Every structure is written in C-alpha cells, then in structure tokens.
There are 2 protein chains.
Amino acid sequence: MPSLSSGLLGDLDPTSDRAVFRQIADQLREAIDRGRFKEGEKLPSEAELVEHYGVSRMTVRNSFSVLQGEGLVHAEHGKGVFVRPRPPVRRLASDRFARRHREQGKSAFIVEADAAGSHPQVDSLEVKEEKASQDVSTRLGSVRRVLARRRRYLLDGRPVEFATSYLPLDIARGTSIAEPNPGPGGIYARLEELGHRLDHFEEEIRARMPSPDEVRTLRLASGVPVIHLIRTAFDQEGRAVEVCDTVMAADAYVLSYQLPAT
Amino acid sequence: MPSLSSGLLGDLDPTSDRAVFRQIADQLREAIDRGRFKEGEKLPSEAELVEHYGVSRMTVRNSFSVLQGEGLVHAEHGKGVFVRPRPPVRRLASDRFARRHREQGKSAFIVEADAAGSHPQVDSLEVKEEKASQDVSTRLGSVRRVLARRRRYLLDGRPVEFATSYLPLDIARGTSIAEPNPGPGGIYARLEELGHRLDHFEEEIRARMPSPDEVRTLRLASGVPVIHLIRTAFDQEGRAVEVCDTVMAADAYVLSYQLPAT
DNA sequence: AAGTGGTCTAGACCACACT
DNA sequence: GTGTGGTCTAGACCACTTA
C-alpha cells in the first residue's frame, strides 16, 4: 500500500503526449490549488513520489522544478518541499509621498510598517559620492557625479526592498542629505527645507526575474520576480532633484495609483 | 582542439564549493552580460559544453535551466539555446485614460501602437454576462452579476496582454458596451455618453510568475513574469463603474505614473 | 542524415535536518 | 542514524530543425 493516500494524487496517463514530469507537476499543482496541500505544508517527499508514480527520481525532481519556477513551492534542504506561503504584502498608495506624511518624526517606511503591526528595519546604509550612471545622469539632467544613498528595508526580518537614491552634488553636498540619517521626514523633507519645493514625482515600473545579486540581497525564493521602480522627483521649477532606484520582492508588494480621468 | 574558442568561456574551479552547474551558468551569464553573446545569438550547444567542461550532459542542461529561470536565454527544440532578445516595450503613461485621448475613432491601444510603428491586433473577443467573482463584486460594490468583456492584445503578432473588463449589468446591459465592438473611444467613452462622467481610476499592480494558462495565452517564454493590473473606474458620484483585470507580459511593458507631491 | 534540445532511467555520493 | 533534498554520471530513446 502506498504511503500516499491515493485520493490526493492520481495516476499517470501513459497514452498522453504530455511528458510524465509535467503530468506529475499538473497533479501537484491541482492538489495545491484545491487546497489539499495548504500554505506552508509539506508535499510528499521525492522518494514517496518515485514510489507512487513508479518513475525515476530525476523525473520527480523535474516536476518540482516546474512548480518552483512558478513560485508555487520551495524546497528546504534536509526538510522537504513546501507550499510557498504568501507573505504579508506592503501596499504602497500613490499618496505615500504627500507632504502631510512628511511632517512626522519617522520615515514613511517605519510609520507604515508599525501601523500594519510588522517589525520594520532599515540597514545596509551607504552614503557616498560617485559617478552617475548613464541612465541616472540623463534623468537628472546631465550631471556627472551624484550623491548615492543605498539602503535595504526589512519587514519582520525579511528583506523586501533595496533602494538607491541619487542626488546632484550641488543640491546634496554638505547638507544633512549627505548624512547617514537625514532626519525626520527623510530626504524629501530636507529637500524642501533647502528650497527645492517638490512639485511631483514620476515612477517607472518594470517587472523581471532577479539577478543572482538581487536574489542574495533580498533572499528571494526561486519563482519570485522583482518589481523595479525608478522614481524621479521634480521641484516646482521642473528640475529633477532626485532619482530613486528601487528593487522590490514582488511577492511582498502591491502598488496602487490614482489616475485622473480628465 | 575544442570548437569553443577558449577565450569565451573559462575553466571550472574544482576546489570551489560552488556547484559545477552554477559555475557553468555563471560563466555563460557573464559572457552574455559582457556582450560576448549578443541578443538572439546562439550559445554553444549542450554537446559542445559537455566537451568543453568535461561534464555530463545533465549538468550542462542544469546550467541552461538556471539561465532560463532568470529569463536570460531560451531554448528552441532542434535549433539551440539563444540569448533572449528584449522585445520592444510598450510604455503606458498615467495620462493614457485622459479624456482627450478618447475623442478619436480608434482604441487607445491601436492608436498608440500605430504611432510606435508596431502592428497591433486585438482578438479573443468575448462578451457575456456572468456571475461576479468575490473580488470583482467587492470592488464594484456588491453586484451579483456582471458584463464581462475579454480581449487579448497583440503587437507584431506577439500576444502581450490579456484583459477582462467587468461592468455592473444595470449600467452595461442593452448598451453598446455589450456589443463586441463598443465603438470609438472604447467603453470609457460609452460610459460617459451614458451619463457616468468619469472622475478617476485606481490601479493596483502586482508582479508574479504566470500560471500555465497565462503561459499559453501570452505565449510566454520561461523566466518572464507577468504584471497583474487591476483598474477600477469611478464616476463623479464616487461609484465604481468598471473593473478591468489585466495580465501583461512583463517583458513587454513599462508602466509610468505621475504622483502629486502635495 | 546529422545536429539539436526534450525526456527518462538507475544508479552514486554529498550536505543538511531531525531525533 | 535515518530521511530529506542537492549534485552528478553515463548512458538511452525521442522529436524537431536543417540540409
């Protein structure tokens, strides 16, 4: 008698054109979708599936790798393969940079996470002057060198976002923007104090698979894309005063925007 | 003599802890990043890499599968493994639903694609009444049944987007919105003619790996995520009059938004 | 026909996690 | 130790592409 209750998973169809490993992946996916395996739950082990389906181990592993690519499951060495739980999501609203949110002591990230009952952290602080990349230079209006501020955001210990702000040196050098901690309200508050009254932001959004670097920095599971967001801040004279390049774990975010109909 | 110019790819480091297939993937990735293999170009065949590195075929295939997961390469049966070309990107600006864009005869998609020099198509037209999903019902304010309009957008023959609009029956039934072709300016123009003057839109954006269904519908290569966009249209009385659920091939889109700083 | 990737087998040894 | 997944081998046969 198979250790798998035969109800959970069916048999293979030898007449089917569909590859065996796909059939197995299909059955596992369906079982997950139907809630037979719940979030965080362990799937049958490779050995059990080898036994159940009468196939070789590589075939079973191939099935798992399909599901991993879909972001449905993740493997833990020595433990098993588990249905990937959907982490809590951070909702970013389009008014998140409204001036009224800058009046408080803490950064927007901290305030919002506290409110959501999560434990926020910011680390990997690096602030330095460097050569502007082609792209950043273009966005900032042909500046050669910039102040770069890099930081990583964590929620309940999990890295969710890595961001770099770039500012022209003539704006940022020697100000508190060049300090590790720019103070209450963040750099946007400082920019306004320095006379760069902000007018609007532009955000560009892409989604793609992470680079190996990004996988490491954000500790991304396989099958999790990143959202790449590039924000440019414009002052009331129409000058681009900051570019913020952000890479987010896509499973941790929902972005939300308001568009006028006019 | 190896058929691979030894310059392109290096040797393995047997002392390294890094798995052999990862080392091979690293070298191929680096070669691609450095432009030694250009977009659309063929990588060495599995057999050549087996020969070059002195490993088994499965190891080489494993390397390829890493790069496929990253969306860097794609395999074509019988032909080879190729550096995935980055397709032309559709830029969606946040004013794309501005009223002035609705005054023309064609749909926004067609107009914009024509302007960009691409050949646009819309297919998979389906218009029918159906039960509202839990989510759609919530967004539309507890409606039971809706009119659903499904369509797929193609650019130069490639499917890039699959969208479904949901409208409350009391608004859409019996109007030209329920026709396969709603006429110039699309359903937003019709809504306004019917007295539902639009006030604003809300868009929610997520990114994730596609379901097998979405892979089929959008003919997605492996390693390409989707952008899932849910837009709700509000009229000037604050009523949600339409929900549009859109799944886009992430490699074909850049979304762009303007945010007020106030 | 020759070359390519797609699937599959039946082993092997290793590293990690639990008890 | 036992069970788990991680890596790797050395084959096999198949399906698709190109010539």
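Letters A, B, ... mirror the listed sequences (proteins, then strands); counts begin at 1. Note that the structure is predicted; figures quoted are calculated from it, not measured.
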Atom CD of B:Glu48 and atom P of C:dT4 are separated, to the nearest Å, by 6 Å
Practice problem: Take A:Glu48 and A:Glu46 through the test side-chain contact (heavy atoms from CB on, under 4.5 Å) and record every step on the way to the result. | Solution: CA-CA 5 Å; A:Glu48 286 173 317; A:Glu46 295 178 355; over 6 Å; no
- Message: Is the shortest side-chain heavy-atom distance between B:Glu70 and B:Arg29 below 4.5 Å?
- Response: yes
Phosphate oxygens OP1/OP2 of D:dC8: is one of them under 4.0 Å from a side-chain N or O of B:Arg61? no
Between CG of A:Leu67 and C1' of D:dG5 the distance, given in whole Å, is 15 Å
The residue among B:Arg219, B:Arg90, B:Arg84 that forms salt bridge (Lys or Arg N to Asp or Glu O under 4.0 Å) with B:Asp251 is B:Arg84
CG of B:Leu67 to CZ of B:Phe21, rounded to nearest 0.5 Å, is 10.5 Å
B:Arg18 CZ to D:dG6 C1', in whole Å, measures 14 Å
Rounded to the nearest 0.5 Å, the CG atom of B:Leu92 sits from the CD atom of B:Glu203 at a distance of 8.0 Å
Shortest non-hydrogen pair, A:Gly80 vs A:Lys42, comes out as CA-CE, 4.0 Å
Whole-Å distance, A:Gln23 CD to C:dC8 C1', equals 13 Å
Whole-Å distance, A:Leu49 CG to D:dG5 C1', equals 13 Å
Expected string for nucleotides 9-19 of chain D under the B/S/- scheme (protein heavy atoms, under 4.0 Å, primed atoms plus P, OP1, OP2 as sugar-phosphate) is BB-B--BBSS-
Between CD of B:Gln68 and P of C:dG5 the distance, given in whole Å, is 11 Å
Rounded to whole Å, the CG-C1' distance (A:Asp17 to C:dT7) equals 13 Å
A:Arg206/A:Glu204 under salt bridge (Lys or Arg N to Asp or Glu O under 4.0 Å): CA gap, chis, key distance, verdict = CA-CA 7 Å; A:Arg206 292 173 178 75; A:Glu204 267 186 25; 3.1 Å; yes
Next on the checklist: Over all strands shown, is A:Arg22 touching base, sugar-phosphate only, or nothing at heavy-atom distances under 4.0 angstrom?
Outcome noted: sugar-phosphate
A correct dot-bracket answer for DNA chain C, with pairs being Watson-Crick or G-U at under 3.5 Å, [ ] for crossing pairs and | for inter-strand pairs, is ||||||||||||||||||.
>> Show, in sequence, the C-alpha distance, side-chain angles and deciding distance for A:Asp13 and A:Arg18, and conclude whether the salt bridge (Lys or Arg N to Asp or Glu O under 4.0 Å) test is met.
In response: CA-CA 9 Å; A:Asp13 174 2; A:Arg18 193 149 178 83; over 6 Å; no
- Item | A:Ser45 side-chain N/O to D:dT4 phosphate OP1/OP2 under 4.0 Å | yes
Practice problem: Go through the steps for A:Gln23 and A:Ser16 under the test side-chain contact (heavy atoms from CB on, under 4.5 Å), then give the verdict. | Solution: CA-CA 9 Å; A:Gln23 293 187 46; A:Ser16 168; 3.6 Å; yes
To the nearest angstrom, the CD-C1' distance between A:Glu51 and D:dG3 comes to 15 Å
